[in-house]
Amino acid sequence: MCSQVINSIMSNPLEGTAHLLHELDKKLMVLLRDGRTLIGYLRSVDQFANLVLHCTIERIHVGKEYGDISRGVFIVRGENVVLLGEIDPAKEAELPLTQVSVDDILDAQRREQESRQDKQKLLSKALKERGLNLMPDLSHDDMF
């Protein structure tokens, strides 16, 4: 498998974002820097890896459940793409996840975020009682 990928890369004279031209009109999953997952058809790409996705949905996962929010045409700045891959329709039909309504998944996402914040507060309080301060995670440079 790895040798096939390496041979494919070596035999392709295109470099950088030009490889994305082979993905035009295919259904792709795009993971963004802010953690969102988009699924749509790649319609356009430029030298900066900026993407135009058509019939896009935003997929939200919480535990073993997911919900899809329709987003239509979506333009993604290339620097925000973390991961991009083609979706295999056969495997998509066999997802081990349960699809729920948009309202249900948004509610589950809110509860999960609140739970995470509560845990963070407890950790911060426990450390403060021991004379330590918890520094917030400043590693994300998309805070603007």
Side-chain angles (χ1 to χ4, degrees), residues 1-9 11-128 132-144:
M1 179 74 172
C2 285
S3 61
Q4 292 172 347
V5 172
I6 292 170
N7 289 337
S8 171
I9 291 171
S11 66
N12 190 344
L14 298 175
E15 294 184 12
T17 59
H19 282 287
L20 290 174
L21 294 176
H22 296 292
E23 304 302 321
L24 285 175
D25 298 325
K26 293 182 181 175
K27 190 174 186 180
L28 302 179
M29 186 278 307
V30 181
L31 179 63
L32 302 180
R33 234 177 22 174
D34 65 2
R36 289 185 290 169
T37 301
L38 302 175
I39 298 174
Y41 294 91
L42 182 64
R43 296 299 185 211
S44 181
V45 62
D46 66 9
Q47 70 270 25
F48 304 108
N50 296 322
L51 310 174
V52 176
L53 298 173
H54 181 248
C55 297
T56 307
I57 59 166
E58 179 180 349
R59 182 160 286 173
I60 299 172
H61 298 92
V62 177
K64 294 280 187 187
E65 298 178 334
Y66 75 94
D68 293 337
I69 302 172
S70 179
R71 297 293 188 201
V73 175
F74 209 92
I75 300 172
V76 180
R77 190 173 171 126
E79 67 181 19
N80 292 319
V81 176
V82 173
L83 183 73
L84 179 137
E86 184 178 358
I87 296 204
D88 183 349
K91 290 184 180 176
E92 186 181 24
E94 300 171 6
L95 283 176
L97 304 172
T98 306
Q99 185 171 7
V100 297
S101 72
V102 173
D103 290 336
D104 289 344
I105 200 66
L106 289 174
D107 189 45
Q109 184 183 43
R110 180 189 50 78
R111 286 192 314 269
E112 183 182 58
Q113 288 172 346
E114 287 173 353
S115 172
R116 210 176 298 134
Q117 288 173 349
D118 290 345
K119 288 179 185 176
Q120 189 71 15
K121 285 179 185 176
L122 287 173
L123 176 62
S124 180
K125 182 180 177 185
L127 289 174
K128 198 170 196 175
L132 301 169
N133 283 328
L134 179 65
M135 295 294 293
D137 183 11
L138 300 176
S139 62
H140 298 290
D141 54 13
D142 55 350
M143 297 287 218
F144 45 89

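The structure presented is a predicted model; accordingly, all values stated were derived computationally and were not measured.
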Which atoms form the tightest heavy-atom contact between [X] and [Y], and what is the distance?
X: Leu31; Y: Met29; result: N-SD, 3.9 Å
X: Glu23; Y: Glu86; result: OE1-OE1, 3.8 Å
X: Arg77; Y: Asn50; result: CA-OD1, 3.3 Å
X: Arg43; Y: Asp25; result: NH1-OD1, 2.8 Å
X: Leu28; Y: Ile87; result: C-CG1, 4.0 Å
X: Asp68; Y: Val102; result: O-CG2, 3.2 Å

Quick check for you: to the nearest 0.5 Å, what is the distance between [X] atom [atom1] and [Y] atom [atom2]?
X: Gln117; Y: Glu114; atom1: CD; atom2: CD; answer: 7.0 Å
X: Leu32; Y: Asn80; atom1: CG; atom2: CG; answer: 6.5 Å
X: Leu97; Y: Arg59; atom1: CG; atom2: CZ; answer: 8.0 Å
X: Gln113; Y: Asp118; atom1: CD; atom2: CG; answer: 12.0 Å
X: Leu53; Y: Glu58; atom1: CG; atom2: CD; answer: 12.0 Å
X: Tyr66; Y: Thr37; atom1: OH; atom2: OG1; answer: 13.0 Å

Should the heavy atoms of other residues, nucleotides or ligands under 6.0 Å from [atom1] of [X] be counted, would the total exceed 12?
X: Lys26; atom1: NZ; value: yes
X: Arg110; atom1: CZ; value: yes
X: Leu83; atom1: CG; value: yes
X: Phe74; atom1: CZ; value: yes
X: His61; atom1: NE2; value: yes

Would you indicate whether the side-chain heavy atoms of [Y] and [X] approach each other to under 4.5 Å?
X: Lys64; Y: Thr98; value: no
X: Gln120; Y: Arg116; value: no
X: Val52; Y: Val73; value: yes

Hey, is the main chain of Gly72 close enough, under 3.5 Å, to the side chain of Thr56 for a donor-acceptor pair? yes

For side-chain contact (heavy atoms from CB on, under 4.5 Å), just list the numbers for Leu51 and Leu84, CA-CA rounded to whole Å, side-chain angles, deciding distance to a tenth of an Å, and then say yes or no. CA-CA 11 Å; Leu51 310 174; Leu84 179 137; 3.5 Å; yes

